[in-house]
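Comments concern the structure below.
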Amino acid sequence: MRPADYRTPAIGSDSLAHQARLLEVWATAPGLKGFFSSVDHKQIGIRYIVTAFLFLALGGIEALVMRLQLAGPNLSLLTPEQYNQLFSTHGMTMIFLYASPILSGFSNYLWPLLLGSRDMAFPRLNALSYWIYAAAGIFLYAGFLTGNGPNDGWFNYVPYASRDYNPGLNEDFYSLGMVFLGISTTVGAANFIVTALRTRAPGMSINRLPIMVWGTLTASAANLVVVPAVSLAFLLLWMDRQFGTHFFDPGGGGQPLLWQHLFWIFGHPWVYAIVLPAMGMVSDGLPVFCRRPLVGYAAVALSTVATMILGFGVWVHHMFATGLPGLALSFFSAASIAITLPSAVAVFAWLATIWLGRPVITTALLFFASTILLFVIGGVSGFMTASVPVDWQLTDTYFVVAHLHYVLIGINVFPVVGAAYFWIPKMTGRMLDERLGRWNFWTMFVGFNLAFLPMHVTGLLGMPRRVYTYAQGMGWDTLNLITSIGSFVFAVGVLLFFVNVWKSLRSVANAGPNPWDAPTLEWAVSSPPPPYNFAVIPTVVSRHPLWENRLDEEGAVSSIERGMLLDKGKETVGTTALDAVPDMVLEMPEDSFAPVLLALGAAALFVGLLLKAWLVAGGGTGLVALAILIWLWPRRELREREAGS
Amino acid sequence: MSLAPLGYLDAAGRRAHSILPLTWFTLSVATAVCIVIAALLWIAVRRAPKNGGALETRSVPVERGSNGINWITVGLLISCVPLLVTLVWTMAALAAVSGPPSHPGLTLDVTAHQWWWEVRYDATNPSETFATANEIHIPVGVPVLVRLHGGDVIHSFWVPKLSGKTDAIPGQTNLSWMQADQPGRYRGQCSEYCGFQHANMAFEVVAESQADFASWRAAEVQPAPDPITPAQARGQALVQYRCGLCHQVRGTGAGAISAPDLTHLMSRRTLAAGRLLNNPGSLIGWIQDPQGIKPGTQMPNQYLSAQQLSDVQAYLVLLR
Amino acid sequence: MSETALAQPEKLPVGPIGRHGIGYWGVGTLVASEAALFAYLLFAYFYTGAAAQPGWLLEPAPPLKLALPNTILLLASSLVAWVGERGVLDRRRWQALLGFGGAAIMGTGFVVVQWFEWKAKAYGLGTSSYASLYFVTTGFHIAHVIVGIGVLVAIFAWTALDYFSPRRRLTVSAGVLYWHFVDLVWLFVFATYYVTPYLGFGR
C-alpha cells in the first residue's frame, strides 16, 4: 500500500502498549552490532563524555609532569624536547580533545531531552561526528606516543612549525590530525544548528529555549564558519612542509603572519565556543538550586549571541606584539575591552539569581556558584590584556597562562563537573554522593586557586611562558613551588570526582525522574530515559514546563502527558524555526554502519597522507565515497523517494 | 638588579614608565572587581536557608521572586566607568609609547636567532660598523630605536624594565624603542616560543653614560688582539679552524657570521645567551659540552683534547 | 487549574516534501561552511598580495582565452542542472536525465579545460607564494567540482531508476543546490585571480 504523504498525527496518552511499540522501533540492537551502528543521541552523548574525560585525565597527567619539572629552578626531569612536546600536547588535548567534546557530549545527550524531541536532527551525522572525534584523537595521540607529538604549542606558529626547523613527523601528525578533527566539529555544529532550529517540542518558541541551547547553538554557528579557517591553515602548513608550497615561507613570498591571522580568526571564537555552552549549564542549573527562574533570561540569551558576534572581531588581540599599525591596534583593543560588557551580563544575572532566590547548597550549586567567581577572575585578567600597552608586558608571560586557565578550567571544568553532579542522575538513574561531593568540590576549588592565583604574580614578575626551566634568582622559585603543590591538590580533587562517579555507578538506581525538582523537559521522563525519550510529544507554553503550577504562569499550561503519539515508525516532529509550530513529521533513520565506515575510510585517508602511502589514502577515499553512497541512497522508509516504484 | 629581573611592576625607562601607571590601574580595577564579586557571592550563598544539611532541593518551594533585572542594568552601568577610563587611557598610552622616536639617539639592528641575539651597530664609516651578541650597550637618557629582524623563526624582543614586547618576524622588520633613565644592566628575554632553548634566550641591556658608551664603542670597533704566547697562537689557529666555521673573530681568519661574534667575547658578562656567567672556567665548560649545558643548541660538541682546550682558553681570554 | 495547551496539528507532511525537509537545512549549513572555507582562501590571497613586493603577481595580465569561456561553461551548467530539476518537478524524466547528465558533462569539461589551463602555466606549485595560492585555490575548487559531478551522477542514476517524484525529491534539490554553490564560488575565484590583476591588485 502506498503510504500517505500527509497525515494528521494521532493524539493520545502514554500507555504500556504504546511504549512497547516505540521501544521496538527505537531500541538499539544489543552487543557490538549496536555499539558500532547506534545513532541514539544518548549513547553517543555518553561516549563523548567518557572519551572527553579520558582526555582530561591524560592532559592532566601531562600537566602534573610539567609541574614537577617547574617545581624548582634548574630541574632536569625532562629534556627540552620532552617538555615542549608535553606542553603542546597538553594544550592540544585540553582545548581540542577535552573542552569542546565534553560540551558536545552533554549537549548531545541533553538536547533532544531539553527540546522535547526524540533525537537530534541528523542522528547518523551525530554518530559520524563521534567516530571521527575518536579516530582523530587516536591519530593525534599516536604521534605523541611514538615521540612525534606536536612541539610548537597548541597555536603552532610558523616558521618554527615548518619543515626547515621541525623536520620530524611531529607537525605532520598535528596538522593532519587537526584537519581530521575539524570534520567532526563541523558536522557536529551543523547538526546542533538544525536540531535547535527544527526539532523542538511544539510551543517551544525561540524565547523559551534553555540557555544551554542558546550557548551551544551560538557556539555551533560560530564553529561552522571558523573551523574552516584553522583546517585550511593546517592543510596549507602540511603542504608547505611536504609539497614545497610557500604560504607561510617568507623565502618564497609567503607570510608567517598569515598563519596567525587564520589561526586566531578561528582561535578566539573557539574560546567562546568552549565556554558559552558551559555558561549555559550554569544558567540552567543554578536556578534549580536557587528555587526561582533565572534573572534576566532575555538579557542572558542575547548577551550570549552578542559575545560571539563581538568575539569575531577580537582575534588580533592575540597579535598585539607582531608590529601591526596603530589603527588596527586601537580598533581591536577597543573591541576587546567592549566584549567585557556582554560577558558581564551573565555574571550579574547569576549573582542576582542566587541573591534573590533561596539557594539550596548542593555540590552542583557549589560548582556552579564558584564558576561565577572564577569567570570574573579570568575575565578581569583578560580585560587587562585587552589594553595594548599593558598587553605588551603581559603577553606570553605566566600572567596569560594563569588567565587562560581561569577561563578554561573556571568556565569549562567547574561548570562541567557541576553539570555532571546535576545531570548524571538523569543519565544513569543514580545520584552522586553529596558528602564525597563536598570533598571533591573543596579540594578542586582550593587546589585550583592555590595553583593558579599565585601564577598571576609569577607572570607579573616576568616569567615567560613555555620555558622548560628557569634560572635561580629570578624571583619565581617559591611561587612555582606553590603552583606545583596546588596542581597536585587540584588533581586529587578531579580524582575524587571520578571516584564519586565510579561509586555512584555501583549504587542503586533510585534517582527517579526528577530528583532536584527541576523545571525543564528532561526531568519529565524516567532516569535513564527510554530510547525514544518521550512517549508522547509534549507541548510547551513556558520556559519552565514542570514549575508552571507553582509560578502562576498566566493562561494555559504545558501538556506533558498528552500529545502526538507518532508511533507509525521511527518518527518525531519537525517544527518551525522561530515559533516551533509543528510543520512536518520527521522520519528518523535506523541505526547504520555507514558512519563508522566513513570514519574508518577517513582515518585510512589521513594515515595514508601522513605516510605518503597513496594507495592507502586512495583506498580510504574509496571507502569514504562508498559510505556516503550507502548513507545517502534515497530510501523509501525515509520517504526520500517515491514509494510507488 | 631588582629581586625580579624580568618583573614589569617597576620600570627604569621612559617607555616602560608611561605604561606602568596603566598597568597598576587595570590591575587595581581587576582586583577590586574580584573582591566585590567574591563578597557578593559569599553573602548570597550564605543566605541559604539553614536546612540542617537536608539536601532535598524539593523541600524549598519554588517562587518567581522579584525580577532582578536591575542587577544587570546597574551592574553594566557601573562596569562602564572603569572600562571607559581604561579605553581612553589605553589610547593615550598607545599614542605615547607606540610610535618609534623620530630622532633616536642611537639606532640598532637586532636579529633574533635560535637561540641568541645578534646586535649590529651601524656607522656612517663602514670600518666603524661592528656586531656583538646578547649584550646591548646603550647610552642613558636618549631614545634608542631597535630595528628587529627575524633570523629564522619568530622570536620576541622584551626588556621588561625598559620596553614591552615586539616580535622579530622573518620577512619583515619591526620597530621597537627604549630609553634608559639610569645606568644599569637590564635583563631581556625572548618571549615568543621558538624551540628547544627558548628558555635560555636571554640578553642584557647595559645602559651607561655617554662617555662610557663612547669608550665601549671605540673598543668594540677594534679588531682582536694578536696572540702573544705560543699557547695563544696555537689557540688562535684552532679557533680559526674549528670555531671559524660559524663564528667571527675580526682581524683573524675566523670570518663566519652564523653564530655570535667573538671579537670581544670576554667583555661580555654572560655566555650562551644568559645561560652562564662568563669567566674562563665556564667558558671551557661551555666549549667542552654545549649540548649538555644547553641541549639542542646549534653549537656542536667539539671533542677537543685537554691540551687543545687549554690553548683555546688561552687565546679566547685575550678577546676583551 | 488553567487549561492545557496541546498542539494538535492537522495534516502534516510525512517526510520531506519538495524542498521542505531538514535535509535541505543540512545542505544549507554545509554550503555555509564551505563558503567560509573559500572566503579564507581568498583572504589568504589578498593578505599575501597586499603585503607582497612588486613582481609578486606572476601573471600581471592573466590570459582569459581559456578561463573566460570555461567560466561561462560552468555557469551555464548550473542552468542546465536547474532545467533537470524542473524535469523532476514536471515529471519529465528525459528532461531531468538530460539536465543532470548535461550538467555533469559540462562540469567534466570544465575540469578538463582547467587541466589544460594548469598545464599552460609557466610556474608550478612550489614556484612562489602566488603560485601556491593559485594552484591550491583552483585545486580546492576543482575538488569541489569533482564531488559535485559525483553528486550529479548519483542523482542521474537515481532519476533513471525512477526514484523521484515532484513531491519526493529533496535529494535532487539539495544536490542541485550544491552544484549552484560550486559554480557560484568559481565566480569569486575567477574574479580574484583573473579579474583583480586587471583592476590593479598586486601589481
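In this text, all values refer to a predicted model and were calculated from it rather than measured experimentally.
Of the two parts of N70(B), neither the backbone nor the side chain holds a non-hydrogen atom closer than 4.5 Å to a non-hydrogen atom of chain A. There is no contact between S176(B) and chain A, counting heavy-atom distances below 4.5 Å. With a 4.5 Å cut-off on non-hydrogen atoms, E63(B) touches chain A through its backbone and its side chain both. Neither the backbone nor the side chain of W350(A) has a heavy atom closer than 4.5 Å to any heavy atom of chain B. Proximity to chain A (any heavy atom under 4.5 Å) is restricted, for N174(B), to the side chain, taken from C-beta onward. Looking at C194(B), the atoms closer than 4.5 Å to chain A (heavy atoms on both sides) all sit in the backbone: N, CA, C or O. Neither the backbone nor the side chain of V74(B) has a heavy atom closer than 4.5 Å to any heavy atom of chain A. Residue Q260(A) touches chain B through its side chain alone, counting heavy-atom pairs closer than 4.5 Å. Proximity to chain A (any heavy atom under 4.5 Å) is shown, for L27(B), by both the backbone and the side chain. For chain B, the nearby parts of T395(A) are the backbone and the side chain; heavy atoms of each come within less than 4.5 Å. Contact annotation for L87(B): both backbone and side-chain heavy atoms come within less than 4.5 Å of a heavy atom of chain A. Contacts of Y160(A) with chain B are made by both backbone and side-chain atoms, with heavy-atom separations under 4.5 Å. With a threshold of 4.5 angstrom between heavy atoms, V158(A) approaches chain B through N, CA, C or O but not through any side-chain atom.
Between F157(B) and W117(B), the distance from one ring center to the other falls under 6.0 angstrom. Between Y193(B) and Y157(A), the distance separating the two ring centers is not shorter than 6.0 angstrom. Taking the six-membered ring for Trp, F332(A) and F320(A) have ring centres at least 6.0 Å apart. Side-chain rings of W355(A) and F348(A) stay apart, their centers remaining 6.0 Å or farther from each other.
No side-chain donor-acceptor contact under 3.5 Å links K165(B) to the backbone of S191(B). Between the side chain of W516(A) and the backbone N or O of F422(A) there is at least one donor-acceptor pair closer than 3.5 Å. Remark: side-chain polar atoms of H155(B) are not paired, donor with acceptor, to backbone N or O of A168(B) under 3.5 angstrom. Not one N or O on the side chain of S387(A) forms a donor-acceptor pair closer than 3.5 Å with the backbone of F383(A).
Comparing G274(B), G171(B), G75(B) by heavy-atom pairs within less than 4.5 Å of chain A, the highest count is held by G75(B). Chain A forms the most heavy-atom pairs under 4.5 Å with one residue out of L148(B), L41(B), I154(B), V97(B), and that residue is L41(B).
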**From CA spacing to verdict: side chain to side chain donor-acceptor pair (under 3.5 Å), W158(B), Q393(A)** = CA-CA 8 Å; W158(B) 183 41; Q393(A) 293 283 21; 2.8 Å; yes

